[in-house]
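Each remark here refers to the structure printed beneath this line.
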Amino acid sequence: MPTGRGPERLAGRLRGRLRVLAGRGGLPTAGCLDSQSVKAAETVGAATCGYDAGKKVKGQKRHVVVNTLGLLLCVIVTTASVQDRDGAPPLLALLRERFSIIRLVWADGGYAGQLPRWSHQGYIGKTGPALYGPIPAST
């Protein structure tokens with residue numbers, strides 16, 4: 001569980017309790033990686049904004065990992081011009097630092113087959129390579 005201070009620690013404790021109430025272990029072993037481009041407010045400086053040509057949005061991009069219950073595990077914010085595949089390594093390194101027991105991460109096609117390579121580089125998994133697969137469809 002994260003050992004940060006204040007809100008991060010509180011969120012970690014609440015996430016663990018919600019997982020236990022849902023019949024899961026307190027710590028996650030799997031997650032889902034994705035990003036979202038959002039339009040920046042007028043007060044956001046130009047240095048922290050970029051243009052996501054695919055979504056036609058000028059602003060910032062949130063790169064997130066959630067657990068299988070949809071609870072946030074970690075997030076980084078970049079300019080919108082940062083490609084998913086370029087935002088993922090620092091996010092996965094943060095995930096590995098905070099949740100060393102993560103063994104499985106799903107990602108969509110925006111990561112273009114990079115996830116297996118990153119897992120072998122040690123971003124995911126403590127004792128071996130992580131598994132990779134498409135995001136499961138809801139039933």
### Task
Report yes if the side chains of L18 and L71 come closer than 4.5 Å at any heavy-atom pair, otherwise no.
yes
### Query
At their closest point, which heavy atom of G87 faces which heavy atom of I76, and how far apart are they?
O-CD1, 3.5 Å
### Query
Between L27 and I101, which heavy-atom pair has the shortest distance, and what is it?
CB-CD1, 3.4 Å
### Linked, directly or transitively: L33 and L94 (ILVMFWY side chains, under 4.5 Å)
yes
### Message
The test is side chain to side chain contact (heavy atoms under 4.5 Å, CB included); show your working for I102 and V65 and say whether it passes.
### Response
CA-CA 11 Å; I102 294 286; V65 178; over 6 Å; no
#### Entry: Closest non-hydrogen atom pair between L73 and A30, with its separation
CD1-O, 4.4 Å
### Query
Does a side-chain heavy-atom distance below 4.5 Å link T78 with H63?
yes
### Task
Determine the minimum heavy-atom distance between R85 and P89, stating which atoms define it.
O-CD, 3.2 Å
### Query
Under 4.5 Å between any side-chain heavy atoms of R19 and T68, yes or no?
yes
#### Entry: Qualifying residues under side chain to side chain contact (heavy atoms under 4.5 Å, CB included), relative to A46, sequence neighbours excluded
none
#### Entry: Exercise: identify the closest heavy-atom pair between R98 and C74
NH1-CB, 4.1 Å
### Message
Can you give me the closest heavy-atom contact between R15 and F99, atom names plus distance?
### Response
NH2-CZ, 3.3 Å
### Task
For K61, enumerate each residue passing the salt bridge (Lys or Arg N to Asp or Glu O under 4.0 Å) test, keeping only those at least two apart in sequence or located in another chain.
D52, D84
### Approximate separation, where rounding is to 0.5 Å, of Q83 CD and S81 OG
8.0 Å
#### Entry: Set of residues satisfying side chain to side chain contact (heavy atoms under 4.5 Å, CB included) with respect to V38, sequence neighbours excluded
Q36, R62
